[in-house]
Amino acid sequence: MANQKLAMVIDAPTCLDCKGCLAACKVANNVPDGKWRNWIKGADPERRASSPVVFQPGNCMQCDKPTCVEACPTGATYKNQADGTVVINRTLCIGCGQCLAACPYGARFKNTDLGVADKCDFCAERRKFGLEPACVSTCPTKSRKFGDLNDANSEVAKLLKANRAVRVANEQTRTDPNIYYLGEPGPTNWTVQARMPEAFDFWRRLADPVVKAVVGLSGLGVLAMLGKQLAMPKDAPPADGGAHEEAGHE
Amino acid sequence: MTSSLDQKISRRGFFKLTGAATAAAALGGSDSALKPGAAQAGTRLKPGFESKYTVCDMCFNKCSAIARVVDGKVQKLDPNPKFLKSRGMLCAKGNAGVRQQYDPDRLKYPLLRVGARGEGKWKRLGWDEALDLAAEKMKAIGEKYTRCGFMFMAGADMQSTFIHRFAKAYGSYNTLSHESQCLIAGTRAFLDTFGEVPIPDMLYAKYCLMMGANRFEALVTPDSIDMMTAMKQGMKLVVMDPRYTKTAAKAHEYYPIKPHSDMAVMLAIAHVLIKEGLYDREFVAEKTYGLEQLAKHVEPYTPEWAATESEVPAEVIVKIARELGAAKPAAMIYPGRRSSNYRDSTQVRRAFAIVNALLGNWDRPGGLTAARMVGLGGGVPLEEPFYENNPADRVDAGRATLMFPEEGSFKLARDAVLEANPYPVKGFFCYHSNPMQTVANRAKTARMFDQMEFVMVMDVAMSDTAWMADLVLPSQYYLERLDPCSAQQGSSACACVVMRDPVVKPMFEAKPVFWVMRQLANRLELGEHFNFSVEEFRNAQLKDLPGALEALQKDGVYYNPSKLYGVYEGRIYKTKSQKIELFNQRYADMGLDPMPVYRKPAQPEADQFRLVVGRNAVVTQSSSTSNSLLMEFQPTNHLWINPAAAKGLGIEDGDWVKVASPAGKQWIQAKVTDMTRPDTVYMETGFGVLSPQLAAHGRGACIAQVLVDDFDQISGNMAMHETFVTVSKEAA
Amino acid sequence: MLKRSAAMVLALIIVFSGLGMALALEADGNSRKGKYLFRKSCRGCHAEGQQAKDMSPVDMTQAQWKQLFSDYKKLPCYDKWGNVPEKDVKDIYSYLYGHAKDSPSPAKCK
Amino acid sequence: MNKRMILRHTKGGIFIHWFNAACWFILLFTGLGLIQNPQLQPLGQWYPNALRAVFGGGGLLIIHLAVAVTWLLVWLVFIIANWSSHVVPFLAQVFTLKPGRDMEWMIKKNLQMTLGYKAMAFFMKPLGLGAKIPDQEYYNAGQKVAAQVMLLGALVLAVTGAIMLRGKYFMTAPLADIAWVQWAITIHYIAAGVTFGILLVHIFMAAIAKEERPAFWSMFSGEVPEEYARHHHKLWYDEVAIKTSDQ
């Protein structure tokens, strides 16, 4: 069975900033108060000279080069090869939050109810039952389209073939996202900068070599002892062993 | 018992269920055919979840929805892709319906007031006790003050019909709805122009001028959605609004028009259309009455004149008129909905209607279309009794020129009650409506309640109105209810029927209002009028629609295809002249302006602002501001004030300010923004909640407290934007 | 259907309307009582499944109702009216006229 | 043959030792398996992959957490129950290092263990030291140092582990706490590494080194031969011998 490459194609200019997708997502995924799996950038506009204003819906971009996966120490976050989504295994997640900082889109948050990192997974549970992601099915203007890019007959594949589409990626971090924007995408700013947490870097750069050295040295010592034991089975204290009362020694 | 989708949904079954409706294809991808997805671990939707149709009740739009139920609990509400009126969508409010169902603030059992009115001291009653008491009070008040001495109010609910029925059976003419707070001026204006209230065919419009409406925030199906689709198909949207709404943000052109000058712009557009011969000559000649009079009438209303009134530049008005003329007949002045703005709102909307008539867009694609009746019956017929000792008419009769006898006017009825003129009204029953929050001049509403001998309120939560009641009855929420059918219309989208079956078991002691009405009827010897079940009522409604019930159970919606355009070919218009009346003969006969006359509106003094109110896509007035999900989007309201004005008053963003009008005062945090004009301040509806038993209590300010209760002189519609306020940085 | 029934009523009026004394009916009766009386006096026959055509105020315009009632005693069904007092006729007329299809507040579906 | 046995470990002591050993073994191997990140995994990705294939990803963490919590709780009970009888004396002993004697022992013993007596004597000569390895107490200096490191390591592991546990299940505060958790992971890893290093030596000494074989068996029986005690822990033996002769 061919692998899927699930993606969203978003027609941002048709977004009304009605918050339907945010509400639908929150209910569908039990997202705790104050946290959101998806967003509308450029919402609640101040008055602008240019019109029409473009609101830009978004969510986790299920990147092909996910920095969050790189930052996860436990492998709880991984790229699902079957459908291309970036997944969080909640039982494996230790809630360290390294992936939060590592995501250049701020797509991740700490689910305070569950104590784990959380983010959009294209509504994996709904998809199991043949339902579209909640944000997609609820969207009044159907700004959000969802499907499999590997399926040439899917709506998203057709849209990408027929239209110019851009990805609104964070310039500082190249992640190859899987959300495509049709037409004028709207805001391009990202308030978040991806970074690896200090502790993570310390681990990677310093702690890891040091630990390896310590364990290595111990190992070497033990090996030496073992070698000696094998090589010199009859090692005994010299005759002037003094206080050592060797008499009884076997 | 019929329960629409009561079987466990297999994957295949689900595909069938959500297969997109044929017409949806035309809408550029509201195709919700489901894509198979990879199986992944999850805990939310367990296998075997049930999908049941319901009809959303988070606002008046009545969108068909699918409830996903697990272990008897609603987990999620999804849009019904086959429901074309909503274009298969469910908005943020619709999604938040789940939270409302399980809201900890819900009323659990009947409560009797034991302290002073509004003091919040209650005693729990059993239903029998509560109903006995209510019946006794109704009987006593009916006998003492005639049956018109008991007033009934019901909001836009699928069971409201039973309250009207009860009122008729009981013998009171005094029934109120929310409509005199909302739309009757617009209804009046279009009825008195076209002989009926049109439905805009937004989907196929090529040009739309929107004034007095905020369709991208105050969602109306299908208009809000179709407007975007139409824009994608090339429609030009021009918005005039004193406030930079999201509709303005999405418009191609936006003009911050001076409030209460819409009529001036509209008359000037008519002026240009006629002067430059841009109107639809053939249509106007054939179908309208009074072009000559109109031509003469708008002669002095030049764009230059209108520019001074509206602050919309003359060349813009000319340009818009020309663009409208070029795009006609698929060009429209959006008729709008809420028109509770000014003393002359009917005439303002008449001006909208007249320009539409000049554009010849009536009964044509992309214009204003005629109502399409789906053929839903009236249910079990009512043999309305007549009580000889009743007064001749409603208590508010005659207080405005052309009121609707079914709707009346809350504002005028309240005045009449307070004056006890022409007769006293001493009992009040309110269902699914919250006048304490929504009706201008809250102090007066409170006074009206004070002079009542018995106030009974039925609602899902302790609303501000319930807080003022003597007896509070817990209502079932829509997900628990079996409701009659409701007919829906929406231009090209539909003429359809929806109905509601219970999705979950009722919680606590909550009951449907039908049951309460029936119980009361039995106690008042009016049982014969309620001698049926809701199912029987529904079957009677559907008797002329074979196959409807099956369609409703299978698809959640029943359509009755009918002609959309050209409905009036060979038909007369239901007006006095039997034509579209540019010149309204009846108005002339009654001494009203037969064509809209612009009278310089009162303007705020130098230290005053005009207060305008409105809502957005996450707030349905007061019914949703306590919703825990929607509250996250909008925890409170703010007073929008222009930076120039704020600077003069020393107000900075986030400052607490006092807003005061002759009606009352409120304290609220300022939002300093150039999204409102320097002469206009804005507040959202639904905050400043009195009732401490609602989560929204203590958040923001209440519009009802500061709005002045003026009214539209023709329809009796509340005129809320005639309110001038002072704003000061002053501690509470 | 309604349209046809209205047309038939009109045709009958034209055929049978003689030169009898036109009653100068003003629509100032009690229309609420008229609604009740209309049901009591007229709907016995003028209803679906009954001997005469179904009838409602919105079947006709105000002008048509006015003409119909200008000489109601000449109506073909007048002999079936029994003894309806003139005051009641006035009330019924007020109801029908006041809620005619082109009236300011047309009756809602029955 | 003089096979008089001397009691070296109580039953409780033996239990806690093996309990601890089992826990650490599981914790080490599941913990290592939890690191599934090519940048961090010291053994290579095959290791966590293999473990996950057996236990499933989530199972691994659950085992790790369950064992860690059990380990901590049992220790707490043990410490409280044996506070004055064992814990305080133990702490007092392992944290008392006599610089001269113990330093000398460390150098000599390490050389002897790795290179043999001759080499040790050879190296000691220029320093003016004899080949005699200084007499030791109940614990020799090496054991003391190892115990200190293990104790400290265990403490750090427990504390950082608790922070991580809190991170998963109780965290409410946002980033400040998250930084704590992130450092906790790194420190947890370091502590595990260091203790593992010591553990290697300990295991070798106890289970592999021939000369310590009696000590190994004593971790089952509780007793060591008198001869072994006198040889390896002269000072302790003397103490015990006096006590016994007193009787």
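Just so you know, these numbers come straight off a predicted model, no measurement behind them.
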Legend entry - Heavy-atom closest contact (A/P140 atom, B/I225 atom, distance): O-CG2, 3.1 Å

Inset, instruction - Rounded to the nearest 0.5 Å, what's the gap from CG on B/L90 to SG on A/C139? Could you check? - result: 11.5 Å

Inset, instruction - Please look at A/C15 and chain B and tell me whether the side chain, the backbone, both or neither of the residue comes under 4.5 angstrom of a heavy atom of that chain. - result: backbone

Inset, instruction - Flag yes if more than 12 heavy atoms outside A/R174 fall under 6.0 Å of its CZ atom; otherwise flag no. - result: no

Legend entry - Basic-acidic side-chain contact under 4.0 Å: A/D11, B/K232: yes

Inset, instruction - Sort B/P635 into side chain, backbone, both or neither according to what part of it lies under 4.5 angstrom from a heavy atom of chain A. - result: neither

Legend entry - Residue A/C18 versus chain B: region with a heavy atom under 4.5 Å: both

Inset, instruction - With a 4.5 Å cut-off on heavy-atom pairs, point out which of B/A92, B/S86, B/A617 contacts chain A the most. - result: B/A92

Legend entry - Greatest number of heavy atom pairs closer than 4.5 Å to chain B - which of A/A24, A/P13, A/C21, A/G34: A/A24

Legend entry - Residue B/A249 versus chain A: region with a heavy atom under 4.5 Å: both

Inset, instruction - Could you walk me through whether A/T141 and B/F216 pass the side-chain contact (heavy atoms from CB on, under 4.5 Å) test, one step at a time? - result: CA-CA 11 Å; A/T141 55; B/F216 282 151; 6.0 Å; no

Legend entry - Working for side-chain contact (heavy atoms from CB on, under 4.5 Å), residues B/R68 and A/F129: CA-CA 11 Å; B/R68 315 289 183 194; A/F129 297 105; over 6 Å; no

Inset, instruction - Among B/K246, B/M675, B/M631, single out the residue with the greatest number of heavy-atom pairs under 4.5 Å to chain A. - result: B/K246

Inset, instruction - Could you please spell out the steps behind the side-chain contact (heavy atoms from CB on, under 4.5 Å) verdict for B/E632 and A/L22? - result: CA-CA 11 Å; B/E632 281 198 65; A/L22 274 67; over 6 Å; no

Legend entry - Under 4.5 Å from any heavy atom of chain A - which part of B/D674: both

Legend entry - Side-chain heavy atoms of B/H252 within contact of A/P52, under 4.5 Å: yes

Inset, instruction - Would you confirm whether B/K250, through its side chain, and A/V53, through its main-chain N or O, come within 3.5 Å as a donor-acceptor pair? - result: yes

Legend entry - Test applied, side-chain contact (heavy atoms from CB on, under 4.5 Å); reference residue, B/K76; option that passes from A/L131, A/N30, A/V27: A/V27

Legend entry - Least distance between heavy atoms, B/N95 atom then A/A23 atom: CB-CB, 3.9 Å

Inset, instruction - Supply the atom-to-atom distance A/E125 CD to B/F49 CZ, rounded to the nearest 0.5 angstrom. - result: 11.0 Å

Legend entry - Residue pair A/V31 / B/R99: nearest heavy atoms and the distance that separates them: O-NH2, 4.5 Å

Inset, instruction - Keeping the roles fixed (side chain from A/K142, backbone from B/G88), state whether a donor-acceptor pair exists under 3.5 Å. - result: yes

